[in-house]
Number of protein chains: 2
Amino acid sequence: MSIKKLPVIDLTTPVACCSPLVREPLDEAGATELAATFKALADPVRLRLLSLIASHAGGEACVCDLTGPFDVSQPTISHHLKVLKQVGLIDSERRGTWVYYWVLPAALERLSALLNTAEARA
Amino acid sequence: MSIKKLPVIDLTTPVACCSPLVREPLDEAGATELAATFKALADPVRLRLLSLIASHAGGEACVCDLTGPFDVSQPTISHHLKVLKQVGLIDSERRGTWVYYWVLPAALERLSALLNTAEARA
DNA sequence: CATCTATATTGACGGATATCGATCCAGATG
DNA sequence: CATCTGGATCGATATCCGTCAATATAGATG
């Protein structure tokens with residue numbers, strides 16, 4: 001009951017897969033896969049990398065833009081980028097000397113939708 | 001340029017704190033705090049616990065409802081519940097012999113909002 | 001008070017992971 | 001082809017974390 005509105009259909013979301021976490025129990029396989037994605041987000045450096053890439057001009061950034069803001073070594077940055085890429089949160093491409101990374105919005109949207117409670121509060 | 005629409009204001013979102021990850025670079029302190037929350041979600045058992053609690057009748061479940069569906073021991077379940085509670089995703093209360101847990105929707109909404117890209121694609 | 005049940009805490013152990021220095025690889029450039 | 005630079009990979013190390021068995025605590029009940 002109450003003022004529950006139908007969610008606005010967001011056409012910018014390519015694939016809003018699966019039922020939200022709070023609606024029905026997550027099965028074991030789904031939990032394992034989802035945990036892997038959250039694990040990739042469960043590190044301060046990786047979160048900042050993701051945020052830096054996404055908010056960078058043009059929606060992409062080369063590694064040379066990403067090593068400066070951190071106290072960790074270049075191999076460590078490279079490692080974190082690999083982790084983010086392996087779970088499908090970002091992708092990359094080499095252009096000449098530099099390698100560019102960008103965020104895959106569909107992946108973030110999927111997580112956002114999974115965490116969305118969107119329920120009427122009593 | 002392009003067809004960038006203003007984001008639809010979602011009144012079902014209680015406290016949409018902070019700027020989404022993709023809008024501006026996350027600062028170090030924010031990243032550390034956010035990473036702690038994602039770390040709590042970065043485990044299959046904890047994800048299923050959260051989902052089980054949220055989708056349980058009445059929106060809450062006692063530990064006795066939660067130990068059955070898993071292959072892990074009772075102390076392990078207790079440990080995972082503590083982790084989820086420490087980051088503010090769930091809360092609990094003792095009633096007589098049993099301890100009941102429930103999900104704090106505002107915490108999930110905050111994460112959902114942070115991951116929401118809500119941007120026009122070129 | 002003794003005991004039983006539900007849950008939490010403790011301590012230990014093994015596997016995962018963040019980090020580094022060293023090195024390797026790929027393009028660019030002379 | 002030699003060399004330089006941006007970035008990835010490798011191997012080692014230290015720390016973190018999920019798990020368990022054992023034990024402790026808190027209500028309920030006899």
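Numbers restart at 1 for each chain; the letters A, B, ... are given by sequence-line order, proteins then strands. Only a predicted model underlies this, so the values are computations on that prediction, with no experimental measurement involved.
Between the side chain of R46(A) and the backbone N or O of A40(A), at least one donor-acceptor pair lies under 3.5 Å.
Side-chain atoms of E24(B) and S55(A) form no donor-acceptor pair, as typed in the model, at a separation below 3.5 Å.
As rounded to whole Å, 10 Å separates atom P of dA8(C) from atom CD1 of I90(B). Taking atom CZ on F70(A) and atom P on dA18(C), their separation rounds to 14 Å, with Å as the unit. Across the protein-nucleic acid pair, I53(A) atom CD1 and dG7(D) atom P stand 12 Å apart, rounded to whole Å. Across the protein-nucleic acid pair, L84(B) atom CG and dA8(C) atom C1' stand 15 Å apart, rounded to whole Å. Atom-to-atom, CG of L81(B) to C1' of dT7(C) comes out at 10 Å; the value is rounded to the nearest Å. Distance, D71(B) CG to dC20(D) C1': 14 Å, rounded to whole Å. One can place CG of L49(A) at 13 Å from P of dG7(D), the figure rounded to the nearest angstrom. At whole-Å resolution of the value, CZ in R94(B) and C1' in dT9(C) are 13 Å apart.
Within the structure, every side-chain polar atom (N or O) of H79(B) is placed at least 4.0 Å from both OP1 and OP2 of dT19(D). For T76(A) and dA18(C), the shortest distance from a side-chain N or O to OP1 or OP2 is not below 4.0 Å. Taking only side-chain nitrogens and oxygens, K82(B) never comes nearer than 4.0 Å to OP1 or OP2 of dA8(C). Close to dT5(D), at under 4.0 Å from its OP1 or OP2, lies no side-chain N or O of T97(A).
Residue contacts shown for Y101(B) are limited to sugar-phosphate atoms, with no base heavy atom under 4.0 Å away. Nucleic acid contact class of K85(A) (heavy atoms, under 4.0 Å, all strands): none. R46(B) comes within 4.0 angstrom of sugar-phosphate atoms only, judged by non-hydrogen atoms across all strands, and of no base.
Here the closest heavy-atom approach between residue V99(B) and residue S92(B) is recorded as CG1-CB, 4.1 Å.
Of the charged side-chain nitrogens involved, none lies within less than 4.0 Å of a carboxylate oxygen, so that K85(B) and E93(B) do not count as a salt-bridged pair.
Residue-to-nucleotide proximity on DNA chain D shows that, of H80(B) and P75(B), the 5′-proximal contact is made by H80(B). Checking Y100(B) against G96(A), the closest nucleotide of DNA chain C that is more toward the 5' end is the one next to Y100(B).
Hydrophobic clustering of Ile, Leu, Val, Met, Phe, Trp and Tyr side chains at less than 4.5 Å, counting indirect connections, unites Y101(A) with F70(A).
Taking 3.5 Å as the limit, the base of dA8(D) and the side chain of Q74(A) contain a donor-acceptor pair of atoms between them.
Nearest to the side chain of V45(B), among dA18(C), dT19(D), dC17(D), sits dT19(D). Relative to the side chain of W98(A), the nucleotides dT7(C), dG6(D), dC20(C) differ in distance, and dG6(D) lies closest.
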